[in-house]
Amino acid sequence: MQKLNELALEKAKTLLANGTVARVLGWKKGELGYDLEPAVFYSESDLEGFIYNAFSGANLSKYLIEESKKEGKVLVFLKPCDSYSFNQLVKEHRIVKENVYTVGIECQGKLDVKKLKEKGIEIVDGVIENVDDVTVISLGKEYNFVKEEVLLGKCSVCEKHLLSYDEVISLHDKRTPKLDRFEIVKKLEAMTADERYAFWKGELSKCIRCNACRNVCPACNCLKCVFDNDASGIASKANSDSFEEKLFHIIRAFHVAGRCTDCGECSRVCPQAIPLHLLNRKFISDINRLYGEFQAGEDDVTKGPLTAYTTGDAEPSEVFGGNK
Amino acid sequence: MDKLEQVKLVKERSGTDARKCMKCGKCSGRCPAYNEMDVKPHQFVSYIEKGDIDKLLNSKSLYTCLSCFACVERCPRGVAPANVIEAVRQEVIRVQGENKIQAEKVPEMIDETIPQQLLVSMFRKLNK
Amino acid sequence: MQEIKKDYKPLIVAFCCNWCSYAGADLAGSSRLSYPAEVKIIRVPCSCRVNPTFILKAFQRGADGVIICGCHPGDCHYTSGNYFARRRMSLLFSMLDYLGIERERTRVEWVSAAEGAKFSAVMNDFAKTVTELGENKRLEDLRCKN
Amino acid sequence: MQRIGVFVCWCGSNIASTVDVKKVAEVLKAEPGVVISENYQYMCSENGQALIRNAIKEHSLTGIVVCSCSPRMHEATFRRTAESAGLNPYMVEIANIREQCSWIHKDMEEATEKAIILGRSAIAKLKLNAPLTSGESAVVKRALVIGGGIAGIQSALDIAEAGFEVDIVETSPTIGGNMAKLDKTFPTLDCAACILTPKMVDCAQNEKIDILTYSEVESVKGFVGNFKVQIRKKARFVDEKKCTGCGECMQKCPSKKGLNDFNMGLNTRPAIYIPFAQAIPNVAVIDPEQCLKLKNGKCGLCAMKCNVNAIDYTQKDEIIEREYGAIVVATGYKPISLENFNEYGYSQYKDVVTSLELERLMNAAGPSEGHLVRPSDHKEPKVITFIQCVGSRDTSGCGKPYCSKICCMYTAKHAMLIREKYPDTEVHVFYIDVRTPGKNYDEFFRRAVEQYGVDYVKGMVGKVYEENGKLMVQGADLINNEQVVIPSDLVVLAAAIEPSPTVRKIATMVTASIDTNNFLTEAHAKLRPVESPTAGIFLSGVCQGPKDIPETVSQASACAAKVIGLLAKDKLKCNASVAHSDETLCSGCSVCANVCPYGAITYVDKEFRLGGGKTELRRVASVNPAVCQGCGACTVTCPSGAMDLKGFTTGQIMAEVDAICKR
């Protein structure tokens, strides 16, 4: 997998040098080995900080909203899941597609830092990645894990494949997920209403309204969020009471319903580890069930399920999927 | 029993809303036993609506109605005269506790032209 | 099931589209077909004007039930508004159910301008259902600061 | 600071008997922003309106709340009142305390409390109202009439008479509708053809009228004043301009077994035909299902015979696109199918006919040339029995719950005509009620009984069966309290009428509301009986409800007057309650255009200043206020809340929710 990093770096250098692109959007090394962050690189010397490895989980597509507006082309590396967000943003006219040079890059799932910490790994010196397992080097010691143990939740169920790009860097076939994407949604649906209520009350009451989920979400790309807009009637900076959490998260999920590509960034960045993607996935599962399979971002033209209808759609009284 | 109570009971038991009747008489126009009846099908509906139950309790129509339900079938307003008749009949049988047909008399009543079903239905209808 | 206070009266917000359901409510009125005073109607041009935030806000402010009424599918004054509303409300209600909020507290009904009797019947039934559910504890709990 | 006036109406005792109007006025006076609160017996009366006008001027009000009847009733009235006192008409809110309060609640305390809450909610909304101005749109000076029966014909003639162009679209090959099939008309007994055909000719000769027969409305887009309509002109395989209507082709056509629709299928017609002698246009049409040439390419006799080369087997359907300012729906009716009424033997016995079939049997231009004979053996019937209310007033699900209105009169007419022409014929009529309100109507019916000796039997028929070549009509005679059986030669069923089956499709196209019986709904049963609630759509004839010819013609003319009133305007005020996009919030994501049914939303690149002399080109939504109808679908689909609906803003509705939910 180390090879991918080299190829990506090589590609970035070449395209910068021959003037195809003016800058590169990628991941930058952090202090602790696992804390990579999205960054823009303007020159070969800048690119020294570039890295693509098992910690490059961040979805770069949202940064293109700003980057694609600027002079000259931008090179972006897109993992399979990122590319769905990219398409969706192109569909919504938020990215100037002509200004972007897309390079699809192989991804066998990224690691969840929270899970590593649970296993006692605080500092990462290096990582050796294979398709089905991974070895993390920490303070001179090697730890080997089966992927399922340490993958980000979003990666362990990822079925996304590489869409069309200007170029592709890929060496292996993508691993097939061993878990069902909707398993937990189904489990929740099978609970009684009381159990579900207790579950969500427990989860959502952890919310500190840091807005990380909103800030990272590629579908949350409004110029000004309704929660920041006094005229919306629901503006709030913090949760004044615990209902607000629900209001915030339901509305956020509703606003991205039919547009959410299930990239899972919301849950990845949540400092309180709230499984926010389960809200989005509920909408996705309902949409698939009621209106036919739909994957947002699969292309950049198809109308979303909430801006379309058929005359024979199910009635709201008959749509409940779960237990009572 | 109180008369009013009895009327209410018959109305309830018949499950029919006599007020829906628009007095067209189609039930009586259709009835195959019309000529055998002293109180006609449409009058059952009319009397029960007016609360005049005595005429119905003493009517011989209770035993001449064939329960063929032609009146119910064809009523344009969804009223069911035969159900009223049946409800009154129940009332009479319950009050008097006397069977209007005896099993031993059946053989002599058998007639080639009468369908077997009719006898069975009559037996069910006129006995407790 | 929680215990219901003796003289408990729920608070019900009904969003009615101007062309069919609001007119249906008017017809219920002119036909003197009563329904509980707890039902308060908010007029919107079309069921597709009903934003999920209105519904959540109503619950947050203390409503015990929210009902959305629109023209029958196919009869929308604006051709397609109720079709969009139908999808939106389907997903929203399913989500509320997923969060463990009683599904009987929300409802969509199609009531035409000619269906005064239906309007009254629907409101009576909905008010009865919500009364039986009792106070909106699930959301009231959430409203309490602790 | 807002200065709000509250005006509580008693509506005589309609509101005041269940709502303590004085208390409502008093309590609402204490609401912040309210400077005056009055109550009055009839706010909508001249005095009531004067009270409002004076208060607006005297207290310099910035907005008013009227607690009264439904806004659907008097919102427009009070807006005009406000406007005449110098207030923007959209600074008016109505609290509906009659239909949605006093009329449905009995308890005074409860109703008063609710009225106060509804008042508060209106005040809360009003505080966020903004003065609105409506845009203007031009009016296309042309009307479309859908349906070419007497209703459509009369509306079209009246509209054309006023100088406006009008198109009649008719599905069948000729105009004339059901009335053209009738023999005589009540209560004067003049012949239908004598009064209808001159009108049909007038239509054909009027330069302002374009008749499109054998055509159907395919789609309707747009809005009042600016409808865009696609009309499918079905292939008739005959060039309308060339055909002279000589009828030679009909003589020669070898395929003569088609059922003659015009004669209610009582006889046959050739594959190429002119429906009847006075058809307008008097042009042949080929039935493609029946024509040998079109079916298997072998024949072509009519083309050979035609002197003017009018036959064109290659003709295709043609789509015509036209623009109209107003649309008249005049789609008429048809008798119901009698499959649910087997007891009358309609499907079993040839001599059980419907009244419309009898019209053809008695019509001089009908299959028996006006000689009344029974269909089975062409013999003169000696005993004729009529059965009324076949499928009318039927709530059992077999028929229609309403009274078809015309049957009592036409049955009396039939009975009378038969007794007049064939005095030795015995005529019986089974009836439930005889309903003959109208000028000279009851007199007409009594003449049938008193002068012509028609036997009216109060009661319904239970069944019709055949015995010894006679149709035995068994029914109840409720007056004599006996069951009667009348051996008859001909039985005539007064079948209920129902709206034409095309009406539902048309209603959907023009977004007009329709009731459970498929009759189009009028904007107001008493005050706006010829208009649909959808602006620019007008109702003429039976499509709105059962009615006879005199009534249909009156309504058709009333409808025309409304159309003329609309077309006479050069500009129409548009709906002021339109969507509007806040460009500072809009990110141009384009979801809103996906849900707009009118295509009112477009996207433009607009330059925005970023500060520091920098600018940015951004894609933003822009709403065309002349096209937007104000449904609000876009406002909910917009994630950023940039799109809002004037008059029903998110803030306003939220304020109403707040006011209602405040405990």
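All values reported here derive from a predicted model rather than from experimental measurement. Within every chain, numbering begins at 1; the chains are lettered A, B, ... in the order of the sequence lines, protein sequences first and strands thereafter.
The OG1 atom of T650(D) sits 4.5 Å away from atom CZ of F54(C), with the distance rounded to the nearest 0.5 Å. Rounding to the nearest 0.5 Å places CD1 of I104(D) at 10.0 Å from CE of M123(C). We find the OG1-CZ distance between T637(D) and R87(C) to be 11.5 Å, quoted to the nearest 0.5 Å. The distance from atom CH2 of W19(C) to atom SG of C631(D), rounded to the nearest 0.5 Å, is 11.5 Å. From Q629(D), atom CD reaches atom OG1 of T79(C) across 9.5 Å, with rounding to the nearest 0.5 Å. To the nearest 0.5 Å, atom CZ of residue F119(C) and atom CD of residue Q100(D) are 6.5 Å apart.
Using a 4.5 Å heavy-atom cutoff, the side chains of P52(C) and V636(D) are in contact. Residues L27(C) and E99(D) have side chains not in contact (no heavy-atom distance under 4.5 Å, counting atoms from C-beta outward). Contact check for V657(D) versus F15(C): side-chain heavy atoms found under the 4.5 Å cut-off. In this structure the side chain of I653(D) reaches within 4.5 angstrom of the side chain of I42(C), judged on heavy atoms. Looking only at side-chain heavy atoms (C-beta outward), R72(D) and N18(C) come within less than 4.5 Å of each other.
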Worksheet item: Hey, mind stepping through I514(D) and D75(C) against side chain to side chain contact (heavy atoms under 4.5 Å, CB included) and telling me if it holds?
Response: CA-CA 8 Å; I514(D) 202 162; D75(C) 294 345; 4.2 Å; yes
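With respect to the salt-bridge test (charged N to carboxylate O, under 4.0 angstrom), the residues K9(C) and E110(D) qualify. The existence of a salt bridge linking E75(D) and R43(C) is confirmed by a sub-4.0 Å separation between a basic side-chain nitrogen and an acidic carboxylate oxygen.
Contacts between A28(C) and chain D at a heavy-atom distance below 4.5 Å involve the backbone alone (N, CA, C, O). Proximity to chain D involves both the backbone and the side chain of T53(C), based on heavy atoms less than 4.5 angstrom apart. Within the 4.5 angstrom heavy-atom criterion, only side-chain atoms of R504(D), from C-beta onward, approach chain C. In this structure, no portion of S532(D) lies under 4.5 Å from any heavy atom of chain C. Contacts between T534(D) and chain C at a heavy-atom distance below 4.5 Å involve backbone atoms as well as side-chain atoms. In this structure, the portion of N14(D) lying under 4.5 Å from any heavy atom of chain C is its side chain and not its backbone. Both the backbone and the side chain of D26(C) come within less than 4.5 Å of a heavy atom in chain D. Using a 4.5 Å cut-off between heavy atoms, V50(C) touches chain D through its backbone atoms (N, CA, C, O) alone. Of the atoms belonging to C76(C), it is backbone heavy atoms, and not side-chain ones, that fall under 4.5 Å from chain D.
Contacts with chain C were tallied for L645(D), L118(D), V510(D); L645(D) has the most, counting heavy-atom pairs under 4.5 Å. Taking chain D as the reference chain and counting heavy-atom pairs below 4.5 Å, the highest number among S112(C), S30(C), G74(C) is found for S30(C). Ranked by non-hydrogen atom pairs under 4.5 Å with chain D, the options A37(C), A25(C), C17(C) are led by A37(C). For the set M509(D), E656(D), M654(D), the count of heavy-atom pairs under 4.5 angstrom toward chain C peaks at M654(D).
Shown here for A114(C) and D515(D), the closest heavy-atom pair between the two residues is CB-CB, 4.1 Å. In terms of heavy atoms, F84(C) sits closest to N594(D) at CZ-O, 4.3 Å. Taking every heavy atom of both residues into account, I660(D) and V13(C) meet most closely at CG2-CG2, 4.2 Å. P71(D) approaches Y22(C) most closely through the heavy-atom pair CD-OH, 3.2 Å. The nearest pair of heavy atoms linking C661(D) to L11(C) is CA-CD2, 3.5 Å. Across every non-hydrogen atom of G29(C) and W103(D), the tightest pair is O-CB, 3.3 Å.
Within 6.0 Å of CD on E113(D) lie no more than 12 heavy atoms contributed by other residues, nucleotides or ligands.
R49(C) places a side-chain N or O within donor-acceptor distance of the main-chain N or O of F648(D), the cut-off being under 3.5 Å. Between the side chain of K106(D) and the backbone N or O of S34(C) there is no donor-acceptor pair closer than 3.5 Å.
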